[in-house]
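Please read all numbers here as calculations on a predicted model, not as lab measurements. Heavy-atom basis, side chains included; hydrogens, waters and symmetry copies ignored.
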Amino acid sequence: MRHFLLPILFAVAVAGCSSKSDTSTAQSNSGDTNERPKVALIMKSLANEFFSTMAEGAKTHQSQHADEYELIVNGIKDERDLSRQVALVDEMVAAGADAIVIAPADSKALVPSLRKAINKGVVVINIDNQLDAEVLASEGVTIPFVGPDNKAGAKQVGDYLAGKLAAGDKVAILEGIRTSFNAQQRLAGFEASMKAAGVEIVSSQSAEWEMAKANSIAASILSEHPDIKAILAANDSMALGAIAAVKSAGKTGEVLVVGFDNISAVQQAIRDGKILATADQYGDKLAVFGIETALQLVNGKTDQPSDVETPVDLVTAETL
């Protein structure tokens, strides 16, 4: 059973985050903190604006509901640091977390540690990047996914781009980490939209969500395929790397770029005409959706965990 949460369900005020710290705690000074559920939020790279925005949204929500729960916020230094994320799960269990809300860096590798947490009575909610269904089944656990339909979101972006292209045009794709389900789904959405438009994908490579790697790969693609008309990036950090490569190649205005996440830097790039479109999955609210779901289970308001589909919307110059 899937439910859909409208973005207006939670009004979250978001501030920028410049902290480089792996771990921080938000808690109230009033009341006995031992009587409140302790929720641990474990994210991917805090160097990525999308996740720093997610962290600030969660902290703001907790400050507005300080009598309801305690929040511990965690992140890793980069998207590939799987061992640190596994260690964070173990640390949060040892710290007495009642619930873990996690955006896993890998759809498979985190499942065994999460199973151990569940076996110790911890409620686990999966956000952002969906855990692999087969691995979950093999581990004998059910973990609700709270997040958007990444394939549908990417297809919205791809379809909008396709409207600016002609059949037979050539494009390239910058993928996320290939073992991540959201990367796979965004790739599938991009591929579906390009196929429907009769557009040729001449290169599809993983830049592992990273701006610098995307810049290097995009530069190589532009050199090898000087006639491409667009680059589809599976997140906004990679889109920013792509537009830098396009500029260096002297092709600004000739090669269109799209992304996914709607971070503030990309909003400005869309206004400036450097990026055509992105997808907004409401990063400032995504962790909050997961926290609310976790609290329902911790507090016994429901004993039937189910997936929750959250919004994802196309963002263009016309919608900003």
Side-chain angles (χ1 to χ4, degrees), residues 45 47-50 78-80 105-106 150-151 153-263 265-266 268-270 272-279 314-317:
S45 174
N48 184 327
E49 184 187 327
F50 177 75
D78 66 62
E79 304 278 357
R80 296 160 293 184
D106 184 279
N150 281 277
K151 182 177 180 180
K155 190 172 185 305
Q156 287 184 67
V157 174
D159 287 347
Y160 185 78
L161 171 63
K164 310 294 182 182
L165 302 174
D169 280 348
K170 298 177 181 179
V171 302
I173 296 176
L174 295 174
E175 305 171 37
I177 293 175
R178 286 175 169 168
T179 54
S180 295
F181 186 73
N182 59 346
Q184 296 165 7
Q185 289 295 288
R186 292 177 195 179
L187 173 62
F190 286 157
E191 288 177 334
S193 60
M194 294 301 97
K195 182 178 180 181
V199 172
E200 181 184 359
I201 300 169
V202 296
S203 180
S204 185
Q205 301 181 50
S206 172
E208 298 184 324
W209 306 122
E210 301 290 341
M211 186 188 304
K213 190 164 186 177
N215 177 259
S216 176
I217 291 174
S220 178
I221 291 171
L222 289 165
S223 176
E224 185 177 352
H225 302 281
D227 56 344
I228 68 167
K229 299 297 184 182
I231 297 174
L232 297 87
N235 80 345
D236 282 346
S237 291
M238 295 189 296
L240 292 172
I243 64 171
V246 169
K247 181 179 179 180
S248 295
K251 292 182 176 291
T252 300
E254 297 177 30
V255 178
L256 300 173
V257 176
V258 297
F260 197 112
D261 279 343
N262 194 33
I263 65 175
V266 162
Q268 188 58 50
I270 291 174
D272 294 341
K274 297 176 182 178
I275 289 180
L276 181 68
T278 188
L314 177 69
V315 178
T316 67

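Among Val255, Leu232, Val258, Leu256, the one residue that satisfies the side chain to side chain contact (heavy atoms under 4.5 Å, CB included) test with Val171 is Leu232.
Of all non-hydrogen atoms in Gln205 and Arg178, the two that sit nearest each other are CA-NH2, 3.7 Å. Summarising the geometry of Ala162 relative to Ala197, their closest heavy-atom pair is CB-CB, 3.6 Å, with the distance given to 0.1 Å.
Of the inter-residue distances, the one linking Ser45 atom OG with Trp209 atom CH2 reads 12.5 Å to the nearest 0.5 angstrom. Here Phe190 contributes atom CZ and Leu174 contributes atom CG; the two are 9.0 Å apart, rounded to the nearest 0.5 Å. Atoms CD and CG, from Glu208 and Asn235 in turn, are 11.5 Å apart once rounded to the nearest 0.5 Å. Atoms OG1 and CG, on Thr278 and Asp261 in that order, are 6.0 Å from each other to the nearest 0.5 Å. To the nearest 0.5 Å, atom CD1 of residue Ile231 and atom OG of residue Ser203 are 9.0 Å apart.
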Chi angles and distances behind the side chain to side chain contact (heavy atoms under 4.5 Å, CB included) call for His225, Asp227: CA-CA 5 Å; His225 302 281; Asp227 56 344; 4.1 Å; yes
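In this structure, Asp78 contributes its side chain and Arg80 its backbone to a donor-acceptor pair below 3.5 Å. The main-chain N or O of Ala219 is never found under 3.5 Å from a side-chain atom of Ser223 such that the two would form a donor-acceptor pair. Side-chain atoms of Lys251 come within 3.5 Å of backbone atoms of Pro226 as a donor-acceptor pair (strictly under, hydrogens ignored). Judged purely by atom type and a 3.5 angstrom limit, Ser180 uses its side chain to pair as donor or acceptor with the backbone of Ala105.
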